[in-house]
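Notes to accompany the following structure.
Quantities reported herein were computed from a predicted structural model and do not represent experimental measurements. Note on naming: letters A, B, ... go to the chains in the order of the sequence lines (proteins, then strands), and numbering restarts at 1 for each one.
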There are 4 protein chains.
Amino acid sequence: MNAPAPRLLGTHEMRVYWEDTDAGGVVYYANYLKFFERARTEWLRSIGVDQQRLRERDGVVFVVADARIAYHAPARLDDRLRVSVALREAGRASLVLEQSAWRDDTLLASGDVRVGCVDVATWRAQRIPGPILEAIDA
Amino acid sequence: MNAPAPRLLGTHEMRVYWEDTDAGGVVYYANYLKFFERARTEWLRSIGVDQQRLRERDGVVFVVADARIAYHAPARLDDRLRVSVALREAGRASLVLEQSAWRDDTLLASGDVRVGCVDVATWRAQRIPGPILEAIDA
Amino acid sequence: MNAPAPRLLGTHEMRVYWEDTDAGGVVYYANYLKFFERARTEWLRSIGVDQQRLRERDGVVFVVADARIAYHAPARLDDRLRVSVALREAGRASLVLEQSAWRDDTLLASGDVRVGCVDVATWRAQRIPGPILEAIDA
Amino acid sequence: MNAPAPRLLGTHEMRVYWEDTDAGGVVYYANYLKFFERARTEWLRSIGVDQQRLRERDGVVFVVADARIAYHAPARLDDRLRVSVALREAGRASLVLEQSAWRDDTLLASGDVRVGCVDVATWRAQRIPGPILEAIDA
């Protein structure tokens with residue numbers, strides 16, 4: 001039996017700047033995690049979630065519990081990237097998101113990121129606020 | 001039958017500065033990949049490998065093929081971290097390194113990083129230079 | 001006698017992400033130089049200058065010779081910034097650009113950046129390619 | 001009448017890693033402000049100032065009000081840098097620090113950074129805590 005295919009939640013476009021590259025002439029490997037996070041943030045924004053308000057009002061914050069990333073082809077200065085967020089699994093306190101970075105039809109990097117919802121003070125797992133789960137189910 | 005235990009290759013200490021933290025008050029998740037890379041660089045230096053010379057003389061460079069990382073506890077400003085590099089697998093063109101970041105006895109993050117040796121121009125897999133493999137075997 | 005008012009060359013909008021902030025809850029001070037550089041890059045792109053081609057074909061690259069920056073108000077996560085590039089002085093081998101970052105009507109940071117055109121190998125001053133100077137004069 | 005020569009407060013050594021470089025093969029210009037900040041942090045630590053405690057106990061934080069930086073020579077991967085902090089002016093609520101980055105006898109970057117002591121909530125200027133001013137005078 002196969003796992004269901006991840007469902008696309010959103011896509012974010014961004015440009016590669018000097019700050020993103022390294023002396024190898026390509027995007028520094030850690031920076032793809034920044035790009036993935038930008039895409040997650042823009043997806044949350046697109047469903048009406050303001051992370052600062054989430055923090056101040058609900059007292060919760062999303063943190064990355066673990067991540068896997070594979071590098072397929074290098075990105076370079078001035079490249080236009082398209083970064084996607086797809087849902088692989090939704091639990092009560094965490095989500096597994098599948099993320100990819102593309103330049104046109106070339107897959108540059110792909111991976112899974114598990115984000116957990118935690119209490120801002122104790123860092124303990126919390127239920128993901130209802131409106132977010134509803135937006136995901138919609 | 002179990003896989004052999006990873007063999008410690010090196011340990012590098014570093015401090016958490018403002019630049020490493022984010023508005024959540026903790027080290028930003030992508031930065032652990034920077035810390036892991038610093039520890040790999042210092043290990044290479046400790047066995048006499050100069051990456052710039054490797055690039056200019058041998059025409060090869062190490063690139064990360066894939067990485068897995070799990071976040072166990074947050075690091076904060078001024079924390080003193082200890083980042084380790086251990087060998088999990090050595091192939092002819094790539095190494096799998098197990099890396100961890102600690103603050104005293106608290107494990108903060110751990111993961112595996114597969115680095116491949118590639119031709120600097122074509123980005124194709126190359127044999128790891130002999131002296132490096134010998135230093136690893138020693 | 002007053003210096004002529006700087007002439008606006010371009011404006012670039014960008015979002016503040018987690019990666020840009022620090023544990024003080026605001027954008028880390030060095031990152032405004034990244035934002036300024038993004039705006040310069042987008043301005044160059046808008047006048048048809050591809051920096052990679054400039055480097056490979058003309059053998060020149062723009063480097064920052066010096067910069068001044070004043071911080072007026074903090075930017076925070078999710079803020080939408082507008083970063084401007086204006087021309088203060090154009091020489092044969094360098095430009096002085098006035099740059100500012102705004103959130104709505106609030107000036108967050110402002111400064112001057114002197115960029116020089118240098119030979120990619122020797123790092124010596126070179127004339128700015130004609131088409132760039134013409135685009136600036138237009 | 002000349003201003004008095006800046007008085008050296010501290011020096012910090014650091015290594016250039018891949019993360020610090022850009023596709024030009026040199027240290028990205030904004031990163032010198034990170035290096036300057038590391039040296040300021042280490043100087044504060046050397047006189048017994050813990051910035052997290054300063055924030056939580058005294059309710060103040062140091063923020064950069066303005067900075068000037070000139071780039072003299074590029075730093076590259078693996079370079080060992082020495083970054084200095086010297087006192088140019090001490091006011092009741094702010095300090096002007098002169099900072100330089102060196103590789104052996106080569107001056108790479110130099111500048112002035114004005115740091116102000118502000119209330120952590122209102123971001124208004126506050127007196128620098130007495131023990132810090134005393135340590136500076138000593």
I'd like to know whether CZ of Arg127(C) has more than 12 heavy-atom contacts from other residues, nucleotides or ligands below 6.0 angstrom.
no
Quick check for you: to the nearest 0.5 Å, what is the distance between Trp18(A) atom CH2 and Gln51(C) atom CD?
6.0 Å
Under the salt bridge (Lys or Arg N to Asp or Glu O under 4.0 Å) rule, collect the residues that match up with Asp22(A), sequence neighbours excluded.
none
For a quick check under 3.5 Å, do Tyr17(C) and Glu42(A) share a side-chain donor-acceptor pair by atom type?
yes
How long is the straight-line distance from NZ of Lys34(A) back to CG of Asp20(C), given to the nearest 0.5 Å?
7.5 Å
Can you tell me which portion of Glu37(A) sits under 4.5 Å from chain C's heavy atoms? Options are side chain, backbone, both or neither.
side chain
With heavy-atom distances below 4.5 Å as the criterion, would you say the side chains of Arg55(C) and Leu77(A) are in contact?
no
Distance in Å, Arg15(A) CZ paired with His12(C) NE2, rounded so as to fall on 0.5 Å steps:
9.0 Å
Nearest 0.5 Å, please: how far is OG1 in Thr21(A) from CD in Gln52(C)?
8.5 Å
The criterion is salt bridge (Lys or Arg N to Asp or Glu O under 4.0 Å); which residues satisfy it with Arg76(A), sequence neighbours excluded?
none
Value for CD (Glu19(C)) from CG (Leu33(A)), rounded to nearest 0.5 Å, stands at 10.5 Å
